[in-house]
Amino acid sequence: MAEIIVVTSGKGGVGKTTTSAAIGTGLALQGHKTVIIDFDVGLRNLDLIMGCERRVVYDFINLINGESNLNQTLIKDKRIDNLSILPASQTRDKDALTIEGVQKVLDELKKTYDFIICDSPAGIEKGAMMAMYFADRAVVVTNPEVSSVRDSDRILGILQSKTLRAENGGEPVREHLLLTRYSPERVEKGEMLSVKDVEDILSIPLLGVIPESKAVLSASNQGNPVILDEESDAGQAYKDAVRRLLGENVEHRFLTASRKGILSRMFGGR
Amino acid sequence: MSLIDYFKARKKTTASVAKERLQIIVSHERTQRNQPDYLPDLQRDLVAVIRKYIPISDDMVQVSLDKTDDHSVLELNITLPEAS
């Protein structure tokens with residue numbers, strides 16, 4: 001049975017696409033057939049983060065309108081079996097997304113995929129609403145910063161009222177908190193909200209904490225999902241988060257400031 | 001507690017200021033969630049009617065809708081000015 005997971009946040013720039021790419025790739029690495037859908041119509045970026053921007057021929061809206069079929073539209077990842085990307089349209093506007101159209105595509109994808117990751121655009125407009133409407137689970141990406149936390153809370157309210165699961169009155173959407181750009185050093189100095197602070201306010205289960213890391217930018221520079229950088233702290237943190245998403249009990253790492261030795265202080269390092 | 005810790009503890013960190021502010025705004029916004037869209041309009045109209053008789057300001061009227069399993073309660077709270 002396919003599971004639909006929306007990656008959402010409300011606020012822009014907190015790491016939704018980075019997270020969608022990392023989690024989707026991580027699930028595929030674990031042997032699950034996974035597709036990542038970019039719902040950001042007009043501002044597609046998942047293709048760039050995944051490094052397949054030059055292989056886009058057809059897009060999500062073409063597929064909805066029946067102008068292309070699944071085979072023509074899905075981009076198979078060159079690094080990992082089991083992984084496909086469904087790019088957003090760059091030219092149409094978000095009104096091209098309809099509940100019926102999205103449902104049609106999702107129903108078709110459900111036949112062959114184990115996980116469908118919906119990369120939501122920022123905001124709470126059409127694209128974001130469509131990305132979360134059919135979700136079984138939601139990964140709420142949050143930065144330890146006031147505007148991001150507030151927007152996440154707003155998104156949680158929408159997940160609890162404006163989704164198919166909410167409308168049907170059955171089992172609600174399962175919510176997961178993913179705290180990104182976390183800096184334990186700044187938390188210890190009292191300059192940044194801690195994991196516990198954010199958990200206290202949002203009160204949803206913690207899926208993972210991704211430390212602020214140079215690896216994220218260098219991965220996106222190269223079009224590689226950061227989870228493939230196994231040496232990096234962010235890559236490892238995403239890997240842990242994927243295992244937790246699959247139900248494993250994995251202890252949280254990278255929550256405390258590392259005491260750097262003199263050598264690593266002189267020569268940098270991750 | 002050392003003397004240094006004592007002085008450190010006296011000054012609030014910016015993170016704790018952030019947390020307090022968030023707790024207040026988030027709890028306020030949560031109470032307004034799940035409220036029907038007509039509630040602000042209803043509140044405005046009620047204030048207009050009451051104002052015909054008593055001088056009140058907008059923030060003196062609180063309207064909220066509480067849903068239980070079998071019925072809903074529309075609660076109207078009006079704070080009257082002193083000496084009226």
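Letters A, B, ... are given to chains in the order of the sequence lines, protein chains preceding strands, and every chain is numbered from 1.
In this structure, no portion of A/R186 lies under 4.5 Å from any heavy atom of chain B.
Counting non-hydrogen atoms of neighbouring residues, nucleotides and ligands closer than 6.0 angstrom, the CZ atom of A/R150 reaches no more than 12 such neighbours. Residue-environment remark: CG (B/D70) exceeds the threshold of 12 foreign heavy atoms within 6.0 Å. Remark: A/R181 CZ is loosely packed, at most 12 non-hydrogen atoms of other residues, nucleotides or ligands lying under 6.0 Å away. Other residues, nucleotides and ligands contribute only 12 or fewer heavy atoms inside 6.0 Å of the CD atom of A/E125.
The heavy-atom pair separating A/I201 from B/R30 by the smallest distance is O-NH2, 2.7 Å. Considering all non-hydrogen atoms of both residues, A/L193 and B/K19 come closest at CD2-N, 3.7 Å.
Scored by the salt bridge (charged side-chain N to carboxylate O under 4.0 Å, His left out) test, A/D151 finds no partners at all (sequence neighbours excluded).
When B/T14, B/V17, B/L22 are compared by the number of non-hydrogen pairs under 4.5 Å with chain A, B/L22 comes out ahead.
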- request: Test B/T13 against A/E191 for side-chain contact (heavy atoms from CB on, under 4.5 Å), laying out the working first.
  value: CA-CA 7 Å; B/T13 64; A/E191 295 174 358; over 6 Å; no
